[in-house]
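I have placed the structure first, in the form of structure tokens, so that the comments after it can refer back to it.
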Amino acid sequence: MPLKDCLAALIVIVAWGVNFVVIKVGLQEIPPFLLGCLRFALVALAAFFVPRPAVSWRLLIMFGMTLSVGQFAFLFTAMTVGMSAGLASLVLQSQAFFTVLIAALLLGERMRPHHIAGMVVAAAGLGLIQYGAHAGNVTALGFVLTLAAAFCWACGNIVVKYTHKVDVLGLVVWGAVVPPIPFLLLSWAFEGKAAIYNSLANLSPVGFGALIYLALIATTLGYVLWAKLLTRHPVGKIAPLSLLVPIVGLISAMLLLGESLSPAQWLGGAIAVLGLAINVFGSRFARRRAVLR
């Protein structure tokens with residue numbers, strides 16, 4: 001890849017990896033549903049300047065409710081009730097396997113042997129992560145909610161398949177028009193108007209900076225750069241780079257938040273990444289074996 005594309009890929013990997021640390025910081029001042037509302041409200045402001053993509057409102061609503069509301073309602077809540085930032089970055093990558101399963105069930109796409117093998121290996125790694133939980137860095141509820149977030153992300157991936165390669169910036173911006181109202185209703189119902197008022201009235205520069213990062217860096221810049229990389233290079237070259245996101249997430253959480261993992265969790269994380277790698281590289285390996293034969 002050209003140097004500028006390598007730098008773009010590096011920016012995305014770091015931005016998405018550190019994103020989980022920023023979420024943890026933001027949640028210290030803003031309750032989860034309100035954080036989701038504010039994050040996407042800021043992104044949605046760009047709709048005044050970005051044309052609406054050539055997709056129906058039905059698809060935009062489905063995109064916003066799955067990839068945005070569903071994913072981040074579960075993820076933010078998980079990180080509030082007991083999921084460390086580093087492990088959240090790893091467990092969330094199980095969306096790759098949920099995507100394969102949903103595509104097989106709804107779209108009739110064939111599941112390859114390497115998909116199944118990758119799922120089994122990754123499931124063993126995720127199980128070891130939960131088994132090795134210590135010092136409250138992962139609760140059972142936090143773990144399950146993070147898996148639910150990954151499932152919603154996978155549903156969003158399926159919705160994207162129906163958008164037929166529209167402008168990604170427009171899709172991200174106009175998809176962000178949907179989430180603020182559901183998030184605000186959830187915040188009003190579960191967090192209460194007093195919590196909403198107190199969070200907004202006492203928001204510190206650090207909390208505001210976290211909100212700006214989530215809206216502009218992790219969401220807008222990250223997705224736009226990633227989409228451009230996918231348009232310039234084969235998917236098989238770009239997609240594996242996402243395997244580096246949880247590595248950055250784990251390291252940044254350790255350095256910036258002082259999080260620690262038990263030996264069993266480190267082993268489980270390595271096994272889960274191996275499962276992801278099998279899922280990503282399995283088809284390429286199978287093709288090479290077929291050629292050699």
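The analysis underlying the following values was restricted to heavy atoms, covering all of them including side chains, and did not include hydrogens, waters or symmetry mates.
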Given M83 and L145, is the side-chain contact (heavy atoms from CB on, under 4.5 Å) satisfied, shown in steps?
CA-CA 9 Å; M83 172 58 78; L145 288 175; over 6 Å; no
**Study point:** Criterion side-chain contact (heavy atoms from CB on, under 4.5 Å) on W57 and L60, from CA distance to verdict
**Key:** CA-CA 5 Å; W57 273 107; L60 278 177; 4.0 Å; yes
* Passes side-chain contact (heavy atoms from CB on, under 4.5 Å), L92 versus F20? Steps please. -> CA-CA 11 Å; L92 196 63; F20 295 88; 3.8 Å; yes
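Using a 4.5 Å heavy-atom cutoff, the side chains of V12 and Y223 are not in contact. V138 places a side-chain heavy atom less than 4.5 Å from the side chain of Q265. The shortest side-chain heavy-atom distance between W174 and V177 falls under the 4.5 Å cut-off. By the 4.5 Å heavy-atom criterion applied to side chains, V224 and V172 are not counted as neighbours. Proximity of W153 to Q93: side-chain heavy atoms (C-beta onward) are separated by under 4.5 Å at one or more points. Side-chain contact between M254 and S260 is absent, with no heavy atoms from C-beta onward closer than 4.5 Å. You'll find the side chain of L87 reaches within 4.5 Å of the side chain of S84, heavy atoms only.
A donor-acceptor contact shorter than 3.5 Å is absent between the side chain of S252 and the backbone of V21. Remark: the backbone N or O of G86 is paired with a side-chain donor or acceptor of E259 at under 3.5 angstrom. Looking only at distances, no side-chain donor or acceptor of E29 sits under 3.5 Å from a matching main-chain atom of S199. Of the possible donor and acceptor atoms, none in the side chain of Y213 sits under 3.5 Å from a partner among the backbone N and O of V18. Between the side chain of N202 and the backbone N or O of N198 there is at least one donor-acceptor pair closer than 3.5 Å. Between the side chain of K24 and the backbone N or O of A253 there is no donor-acceptor pair closer than 3.5 Å.
In plain terms, the two heavy atoms of F98 and A154 that are nearest each other are CB-CB, 3.4 Å. Shown here for L90 and P246, the closest heavy-atom pair between the two residues is CA-CB, 3.7 Å.
Between L211 atom CG and I23 atom CD1 the span is 11.5 Å, to the nearest 0.5 Å. The structure places CG of L221 at 10.0 Å from CH2 of W16, a figure rounded to the nearest 0.5 Å. Here the CD1 atom belonging to I102 is positioned 11.5 Å from the NZ atom belonging to K161, to the nearest 0.5 angstrom. Rounding to the nearest 0.5 Å places OG1 of T66 at 8.5 Å from CG of N157.
Using a 4.5 Å cut-off between side-chain heavy atoms of Ile, Leu, Val, Met, Phe, Trp and Tyr, with links allowed through other members, I116 and L105 fall into different hydrophobic clusters. Note on F151 and V81: separate hydrophobic clusters, where clusters join Ile, Leu, Val, Met, Phe, Trp and Tyr whose side-chain heavy atoms are under 4.5 Å apart, directly or indirectly. Y197 and L27 fall into different hydrophobic clusters, defined by Ile, Leu, Val, Met, Phe, Trp and Tyr side-chain heavy atoms under 4.5 Å apart, directly or through other members. One hydrophobic cluster holds both I13 and I251 under the rule that ILVMFWY side chains link at heavy-atom gaps under 4.5 Å.
Ring centroid separation for the pair W188 and F183 does not come in under the 6.0 Å cut-off.
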Under 3.5 Å, side-chain donor or acceptor atoms of residues 67-80 against the rest of the protein: list the pairs with distances, not counting sequence neighbours.
| unit_1 | atom_1 | unit_2 | atom_2 | d |
| --- | --- | --- | --- | --- |
| Q71 | NE2 | L67 | O | 2.7 |
| T77 | OG1 | A73 | O | 2.6 |
| T80 | OG1 | F76 | O | 2.8 |

Quick one: side chains of residues 30-53, donor-acceptor pairs under 3.5 Å with protein atoms, not counting sequence neighbours, listed by atom name and distance.
| unit_1 | atom_1 | unit_2 | atom_2 | d |
| --- | --- | --- | --- | --- |
| R39 | NE | L214 | O | 3.4 |
| R39 | NE | T219 | OG1 | 3.0 |
| R39 | NH2 | T219 | OG1 | 2.8 |
| R52 | NH1 | V55 | O | 2.8 |

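Within a 6.0 Å sphere centred on CD1 of I181, other residues, nucleotides and ligands contribute 12 heavy atoms or fewer.
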